[in-house]
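Since the structure comes first, as structure tokens, the remarks are kept for the end.
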Amino acid sequence: MDAKALAEGIQAGRLDDDALKAGFSDLHPNLDGHEALVAADRCYFCHDAPCITACPTDIDIPLFIRQIATGTPEAAAKTILDQNILGGMCARVCPTETLCEEACVREAAEGKPVQIGRLQRYATDTLMAAGVHPFDRAEATGKTVAVVGAGPAGLACAHRLAMKGHDVVIYDARPKAGGLNEFGIAAYKSTDEFAAREVDWLLQIGGITVETGKAMGRDISLSDLRDRFDAVFLGIGLGGVNALGAPGEDKDGVLDAVDFIADLRQASDLAALPVGRDVVVIGGGMTAVDAAVQSKLLGALNVSIVYRRGQDRMNASVFEQELAASKGVRIITNASPVAVHGNGAVREIEFEYTDDQLQPTGQTFRLAADQVMKAIGQTLEGDDLPALEGRKIAVTGAGRTSVDGVWAGGDCASGGDDLTVTAVAEGRDAAEDIHSSLMG
Amino acid sequence: MADLTSNFIGIKSPNPFWLASAPPTDKEYNVRRAFEAGWGGVVWKTLGLDPHIVNVNGPRYGAIWGADRRLLGLNNIELITDRPLEVNLQEIKSVKRDYPDRAVIVSLMVPCEEDPWEFILKKVEDTGADGVELNFGCPHGMSERGMGSAVGQVPEYIEMVTRWAKAHTRMPVIVKLTPNITDIRKPAQAAKDGGADAVSLINTINSITSVNLDLFAPEPTIDGKGAHGGYCGPAVKPIALNMVAEIARSADLQGLPISGIGGVTTWRDAAEFMALGAGNVQVCTAAMTYGFKIVQEMISGLSQYMDEKGFTSVDEIVGRAVPNCSDWQHLNLNYIAKAKINEDLCIKCGRCYAACEDTSHQAIAMSDDRVFSVKDDECVACNLCVNVCPVENCITMEQLPVGAIDERTGKVVEADYANWTTHPNNPAAKAAE
């Protein structure tokens, strides 16, 4: 171990290029043809298959696996994309172990489900590599729809609307389309610019204009969009980040995990990215794991995830927790931050143990920290929005909001898990509902 | 360890597992290794007259596969040995001399004239081989030249050639039959009438395994064309078992020894052939697929089975299932069973439901939480659910006891045996007396 690895503070270049390359390589590389056939052979082609029920987008999984098994992965991809236009990304980021693969009857039979996620990637990668976009637009309807947010919900909604013959403009506040696919997912889950390539592929349908750098409340407003378009879909995600509410939170070295993840995804040179020697990530979801694991892969010596409840309550799946553990991330549970210590920059963070009801126990401990990442949930930002339910936009049916002609889906809308695949389903279903309303 | 010693028509071998006449028995190098691996005997790959035949120089085999590319059926267009007669004869002599306890049978195929048969039989006799097998079975290539299955499809020729063979050798003569006929009993009868010591079956089945959809040609494809081949391997076992049983249960053919061939892959397959009347078995495709070593599983498996059953000789297995081979018309219509699904073993795939629902009987119910259960008032005990279930013994067929009510018919299960011959729906039924 060299001096760079041990250096205190937030430093770039803790690891050499080879180590960085290995760490940030594809988490689940695509199956080769032989592997895909062997994996596909294991599918029982169940009746009314439990995996379909478990999929938020209702992909006909037994059918697409049978299509792979019979040598037509392109047809398999079409089966997937019919239901989930972002099937390529979902194959990479879906927590399949809690969705389709958990429901697989071979999980019940042998504890080893069919590798549905990886087979889905095999099919969609095959089609995308061939440069094929297997969807055509219906005859133009003359209707226009504004989609706010170029994340999974917005993209799925826009694609379905374009397919139905409507003209769509997508607005996004960021400089690139893709939303969390582009900015919010660990780099090892979306290698080789996959998120951007998938957006380009999706836009091949035509009829979709993307305007980046356009934020709600700054460059566009809901009332303006309602005036200019026949319908509006809001897929704006959760732009805000929850605060720790602990004294010292404003010290240098305390940052939002989502910003760390976004910077990492957009970095052209990982060796130039600074990371602490002792990193503490606060939270218990996928964002916490993505931030913690990537800190470790960048060369942080000690990385801890600290979660206020028990491990069984963590939103990060068991697979993600195990991934973190395998990379050397320590997971501490039943502890809440009470103070951030340090003179200008963070040096330590103090926690108090809490019981399962989150009641403080009075017992505290401190962790050395030169970098603290907050991953304790995101919040909806903006005024001028339709009525809320709790802290999200209230929706009924297929994403209808309190405002006539305005739909919402994805993380910003009430109901459903905050997953890419759920966002896709909501965007798609809202598009169908918008289409019915416009053409009805 | 049970005694697996076999005595088939006077030919002794340490076990009843012989390698069939085929590429694995084409030369000394192979046969020596087969014997070292434990095979009880070999039938040397078919000898013919010089000049020796030639084979195609493109692919000889085609196949079909099950899950995970497990080879289920193999098709070949290979001909008899493509080496000079003298080379084979010398090698046979050398092997037999070194392995006196193993059975060495020589397969033969020459034109349908007495002289060539007399000529070659004398040559084989000089090798010290234990017997000959007349190849009346190969369905491809040689049959176009009036040999192989071209002989096996004409009972008169079988009888004639068998007679010549018996006249010109003191060795036991086995006649290998082709399955490419309508009634296997006819060629078997002809062999028996000609004086054969035994029949062996089945040889391969006429087949095209697949079609190349780019070339629009059968596989295996030679320069854009394909010819039918002979099909073998696990896929043909049911056909072979039936043909063996047909001969074994024929009153006219009673006592005709049978060497069982056709998809034997495991000890269990071998035991099944023997139970249906085969005195021993011959194996080819399994050895071609997995190598000679498989015989070790066959030996240990049959031995364990015999020990468990208390059998002290393989002969105790031979023919044991023949009395239970019946005809449909004699099956007991008062035997009533129902499918039963073991919920603890069920993995909820629903294949039984789909099969039953879409096939005919709609006798399986599926609840919202995917519990599958049999509707006794619809179940006809067809067994399809058992066959499609991926979990062994998850679905079983349970016999209804006498006196129980069959919910499907509303009738009480009767103790008496009653078959179609006396059924009221049978126009030809004899009235009850």
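Order of the sequence lines fixes the chain letters, A, B, ..., with proteins taken first and strands second; residue numbering starts at 1 for each chain.
A donor-acceptor pair is defined here as one N or O able to donate and one able to accept, closer than 3.5 Å; such a pair exists between the side chain of Arg351(B) and the backbone of Tyr44(A).
Other residues, nucleotides and ligands contribute only 12 or fewer heavy atoms inside 6.0 Å of the CG atom of Asn57(B). Around CZ of Arg309(A), the count of heavy atoms belonging to other residues, nucleotides or ligands within 6.0 Å exceeds 12. Atom CG of Asp368(B) has 12 or fewer neighbouring heavy atoms from other residues, nucleotides or ligands inside a 6.0 Å radius. Applying the 6.0 Å contact sphere to CG of Asp68(B) captures more than 12 heavy atoms from other residues, nucleotides or ligands. Heavy-atom neighbours of Arg268(B) CZ from other residues, nucleotides or ligands within 6.0 Å: at or below the threshold of 12.
Of all the heavy atoms in Arg370(B) and Pro50(A), the pair that sits closest is NE-CG, 3.3 Å. Residues Cys349(B) and Cys46(A) approach most closely at O-CB, 3.0 Å, considering heavy atoms. Across all their heavy atoms, Ile347(B) and Ala109(A) have their closest contact at CG2-CB, 3.4 Å. Of all the heavy atoms in Val105(A) and Lys348(B), the pair that sits closest is CG1-O, 3.5 Å.
Between the NE2 atom of His47(A) and the CE atom of Met366(B) there is a distance of 4.5 Å, given to the nearest 0.5 Å.
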